[in-house]
Number of protein chains: 2
Amino acid sequence: MTSLSDAIHSGALRGNVLASACPSRDILKHVTSRWGVLVLIALQGGTKRFAELRRMVGGVSDRMLAQTLQTLEEDGFVRRHDHGEVPPRVDYTLTPMGEEVAEHVRALADWIEGNLPRILKPENSRAETA
Amino acid sequence: MTSLSDAIHSGALRGNVLASACPSRDILKHVTSRWGVLVLIALQGGTKRFAELRRMVGGVSDRMLAQTLQTLEEDGFVRRHDHGEVPPRVDYTLTPMGEEVAEHVRALADWIEGNLPRILKPENSRAETA
DNA sequence: CAGTATCCGAAACGATACTG
DNA sequence: CAGTATCGTTTCGGATACTG
């Protein structure tokens, strides 16, 4: 058959993420970072303000939230809108591109959530915490 | 309409990944870790030996490869088979569950690779390295 | 409210050396 | 070949204090 999907799945036409030099690794790193994942998912609900995100994403600090948002903005996944008011009012939205990655990230997270029982079944001695 | 998909997409029925206590976060961490992602993708090509993986996954060290494989094995995503020969011969395969996560992980990585031009377009001053 | 600056401990990671 | 042990570095990330 030697179809395209065969080739892709066999790895023949797979991109070069596996190669060290690939710039995809940087983007991947941002998107799969601890807070990156959660912020992208949180923003799928629509535009959110800083404090809203901080409340949604459990455990995130101001510092990390700001940093994560900046990185995602630089990558073009998030648009920041400062209303220039006092007190400050800033909100964050996924760009069209951001919606696309977020969709993939969410699919992954959803799969994990949905299969947690299967994963956590003590078929193996899962003793670790991290 | 208030359909299920509406509810899901709006976040109403989204799981609790966003909550700090959610155990999904640990699994997510393993799967989206720097080397976890790449190992899962590499193993999609079929069963691989340790040295093969080390060659495929550019830049990975023995230490990190071993560690990553152990974590993925504990999570039930990878099955390790030691042939008990001398010299040692050990190979790694995705479990059915592993194939499922790997599919999502690969979809994400593929999207990034495929959209790199769009992402890297210097609409914004991307000056950073990491 | 929406951040930034600074400090510091914890965790990830790489290099090297060693083993069955 | 397939790892482990140890060490040192670098990065991550939390706490606290401060600002427009």
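Predicted model, so just to flag it, every value in this text is computed and none were measured. Lettering follows sequence order; numbering is per chain, from 1. Note that these values count all heavy atoms, side chains included, but never hydrogens, waters or copies made by symmetry.
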Lys/Arg N to Asp/Glu carboxylate O, B:E74 vs B:R80, below 4.0 Å: no

For A:A42 and A:V57 the tightest heavy-atom approach is CB-CG2, 4.1 Å

Looking at every non-hydrogen atom in both residues, tell me the closest pair between B:V17 and B:S24 and how far apart they are. CG1-CB, 4.1 Å

Which atoms form the tightest heavy-atom contact between A:N16 and B:E113, and what is the distance? N-OE2, 2.9 Å

Of the listed nucleotides (C:dC1, C:dG3, D:dG3), which one gets closest to any side-chain atom of B:V90? D:dG3

Exercise: identify the closest heavy-atom pair between A:I119 and B:D75: CG2-O, 3.6 Å

Return the value, rounded to whole Å, for the distance between atom NE2 of B:H30 and atom C1' of C:dA11. 13 Å

Nearest listed nucleotide, side chain of B:P88, among C:dT4, D:dC1, C:dA2: D:dC1

Mind calculating the distance between CG (B:L53) and P (D:dA2) to the nearest angstrom? 9 Å

Rounding to an integer number of Å, can you tell me how far A:R89 CZ sits from C:dC1 P? 12 Å

Roughly, in whole Å, what's the span from CG in B:L69 to P in D:dG3? 7 Å

Pick base, sugar-phosphate or nothing for B:Q70, based on heavy-atom distances below 4.0 Å to the nucleic acid. sugar-phosphate

Please determine, by modelled atom types, if B:Q44 and B:E99 share a side-chain donor-acceptor pair under 3.5 angstrom. no

Distance in angstrom units between B:R54 CZ and D:dC1 C1', rounded: 8 Å

To the nearest 10°, give me the bend of the helix from C:dC1-D:dG20 to C:dG20-D:dC1, comparing the axes of its five terminal pairs at either end. 50°

Exercise: do B:H104 and A:D110 side chains pair donor with acceptor under 3.5 Å: no

Do B:H81 and B:T93 make a side-chain contact, defined as non-hydrogen atoms from C-beta onward lying under 4.5 Å apart? no

Length of the CZ-C1' vector between A:R80 and C:dA2, whole Å: 8 Å

Protein N or O to nucleotides 14-16 of chain D N or O, pairs below 3.5 Å:
unit_1, atom_1, unit_2, atom_2, d
D:dG14, OP1, A:R34, NH1, 3.1
D:dG14, N7, A:R63, NE, 3.4
D:dG14, O6, A:R63, NE, 2.9
D:dG14, O6, A:R63, NH2, 3.2

Would you give the length of the straight line joining atom CG of A:L28 to atom CG of B:L108, rounded to the nearest 0.5 angstrom? 6.0 Å

Spacing of B:L65 atom CG relative to C:dA15 atom P, expressed in whole Å: 14 Å

Interatomic distance, B:E73 CD vs D:dA2 C1' [rounded to whole Å]: 14 Å

Below 4.0 angstrom from OP1 or OP2 of C:dA2, is there any side-chain N or O of A:R49? yes

